[in-house]
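Working notes, beginning with the structure itself.
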Amino acid sequence: MKVVHKISKNFFENELYQNEVGSNIGFLTANRKGDFASFFNQNQTRYQGWFFRNFGKVYKAIEDISLACEGKTVELKNEFWRHVRVSKIEGKVVEESFFLPEKNRGLVYEVAGNQKFNLFLDFRPIYNNLEQERFYKIEKTKHGLVIECCNQKEKIFLAIKLDKPKFLIKDTWIKRSYSLDMKRNSPPFEKYVFWALEINASKMVVGAGDTKKQALEEANYIFAKTYKLKKEKKQNIKKFIDFSKAKNPEISMAYYSSQNALRELVFEEHGQKQISAGLPWFFDFWTRDAFVSMKALLGRDENTFWRTCHYSFNLIGKTGFLTNKTGDLKQENADSVGWLFKRTGEAIEAKKLNEITIWKVKKYIEKTLDGLSKSSNKTELAMAFGQDTWMDSINRAGARIELQALRLCMLKLAYNLTNDSSYKILEASLKFKVKEKFWNGEILFDSPEDQTIRPNIFLAAYIYPELLERKEWQICFDNALNALWLPWGGLATIDKKSPYFHEQHTGEINQSYHSGDSWFYINNLTALVLKKNNPERYRSYIDKIIEASSKEILLMQAIGCHAELSSASNLSSQGCSSQAWSNALFIELIQDILKTKQIYGKN
């Protein structure tokens with residue numbers, strides 16, 4: 001099957017990349033209101049379909065839209081503002097187009113030629129898989145239909161507007177099997193969904209609302225203004241994307257695609273801009289993921305950057321820690337607050353904010369460091385308390401290397417903002433203690449009590465490069481790469497010789513999650529760290545990482561999006577289809593390469 005990525009830079013110039021793939025792939029697109037759609041060539045997961053966000057909750061509405069006559073999918077196009085699926089049916093080529101308007105709760109489906117298609121529904125909260133008490137009531141209107149969707153607690157209305165009112169109400173239930181969910185150990189593997197309609201039209205608009213009136217207004221507006229909404233989305237994408245070119249066209253298109261994927265993970269709800277950690281599963285604002293990703297927004301969406309920072313300052317508790325995610329204010333984690341100040345410090349250094357905001361950052365960091373000091377039980381080292389680091393599937397209680405780097409980064413920023421020498425003294429003291437307890441001349445320990453080699457070494461180097469001298473870092477990197485490097489172009493999350501190492505991704509049974517699986521954000525961050533230290537010494541590693549990440553973005557799982565992770569055994573696209581920090585660190589890596597005008601990857 002052919003995969004095509006195409007984006008128009010201006011009226012005269014297009015960027016195009018295409019290649020052949022053999023696996024079942026699909027696409028994921030979002031509308032910056034928290035709604036998203038994901039469709040694949042074959043039904044493989046409960047998390048494909050059209051989903052919408054309502055008062056902080058995410059609901060599934062549409063299970064699938066598929067042609068009535070079976071054919072073979074021969075091409076999938078990512079045009080950034082829409083996705084096109086091309087099939088061959090009885091010798092004829094049929095194109096289907098999927099488009100999400102950016103300011104409306106709706107979906108536009110268009111199909112070329114006189115083709116019938118089926119609409120399947122599965123209304124439910126995204127994580128609710130109960131089969132009982134689901135009801136659909138279909139009502140005809142002048143130019144389409146309204147479907148009332150109910151379960152035990154919730155109700156929504158779907159308004160369907162067609163360019164020609166030819167349809168057959170099916171009103172029946174069918175069983176769907178989900179092969180990917182079975183592979184991921186994510187039950188249930190089968191589910192009954194509602195076959196609502198068989199439609200014969202070239203254009204269908206679906207609008208959603210809490211009331212029948214709201215749904216109809218949404219569908220009617222989108223139908224009437226489709227051209228305008230398409231044009232607006234195209235323009236917004238062009239404004240956001242940096243079209244700088246790498247020497248390798250594959251890298252360039254992966255760079256453009258990851259920017260668009262990150263852009264679509266930014267959404268606004270009730271006046272507050274946020275970043276989804278990933279879609280389809282991690283649709284909430286997870287503070288750690290957001291601030292790891294935030295540097296990629298500097299220079300292209302600073303409004304989101306600063307609104308998110310200001311919002312998060314108010315979430316810092318008395319102990320100095322930041323909540324894990326929105327909707328769960330009681331659960332804190334060990335590292336989000338450090339990433340928040342890491343990113344604000346970089347923005348200050350880049351002169352991206354005014355004096356009033358700098359004053360606010362100064363007050364918040366003083367208050368935060370005071371809270372952390374009081375909650376530290378008189379230990380100078382930054383501590384985790386269990387499963388509250390980014391490796392949250394394992395217990396990492398105690399002093400962990402990336403937490404020390406974040407604390408040192410905060411102390412450095414506090415001194416730069418206040419000129420208070422006590423912060424400088426604390427930074428020097430902590431730096432000495434960390435080097436004394438974590439560094440043995442060959443490797444940085446994950447903690448003084450845990451000498452397991454993990455890629456958190458590279459996080460520490462990224463966050464606070466002053467911890468070791470350049471030559472010391474090279475010794476550390478060489479030993480870490482020897483233990484963690486995967487020949488396809490990634491790093492394992494634990495020493496490959498460890499008895500806890502898992503070569504294959506284990507899905508929702510999370511044995512491999514932080515004990516083998518290779519995370520794309522860590523891989524991209526590692527390439528960035530290696531390049532800054534010694535680009536020639538580590539060129540082969542950097543090349544392989546960029547090559548692997550570019551291939552995954554362009555040709556695997558949801559095309560145009562950087563997924564969460566890969567199995568250690570071979571390059572694969574696993575986990576969340578589009579992960580914020582995977583996209584963001586790839587952007588950051590390629591930006592750095594473009595800035596230095598060095599050539600990486602195959603040419």
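Side chains are part of it too, since the values below use all heavy atoms of this structure and drop only hydrogens, waters and symmetry mates. None of these values were measured; they are calculated from a predicted model.
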Salt bridge between [X] and [Y], side-chain N to carboxylate O under 4.0 Å?
{"X": "K212", "Y": "E139", "result": "yes"}
{"X": "D64", "Y": "R176", "result": "yes"}
{"X": "K175", "Y": "E190", "result": "yes"}
{"X": "E268", "Y": "R32", "result": "no"}
{"X": "E547", "Y": "K551", "result": "no"}

Taking the side chain as every heavy atom from C-beta outward, state whether [X] and [Y] have any atom pair closer than 4.5 Å.
{"X": "K238", "Y": "S8", "result": "yes"}
{"X": "E110", "Y": "F99", "result": "no"}
{"X": "K2", "Y": "Q18", "result": "yes"}
{"X": "K496", "Y": "L486", "result": "yes"}
{"X": "E218", "Y": "V205", "result": "no"}
{"X": "Q579", "Y": "Y521", "result": "no"}
{"X": "R53", "Y": "K33", "result": "no"}
{"X": "F120", "Y": "S66", "result": "yes"}

Indicate whether any N or O donor in one side chain lies under 3.5 Å from an N or O acceptor in the other, for S258 and H562. no

Quickly, which of D388, D284, N333 forms a side chain to side chain donor-acceptor pair (under 3.5 Å) with N324? Name it, please. N333

Kindly determine whether F51 and F283 satisfy ring pair (Phe, Tyr, Trp, His ring centres under 6.0 Å), including the steps that lead there. CA-CA 11 Å; F51 300 78; F283 45 79; 8.8 Å; no

E102 and its salt bridge (Lys or Arg N to Asp or Glu O under 4.0 Å) partner, picked from K228, R263, K230: R263

With rounding to the nearest 0.5 angstrom, report the CD1 to CG distance, I494 to D517. 11.5 Å

Do the ring centers of F291 and W581 come within less than 6.0 Å of each other? no

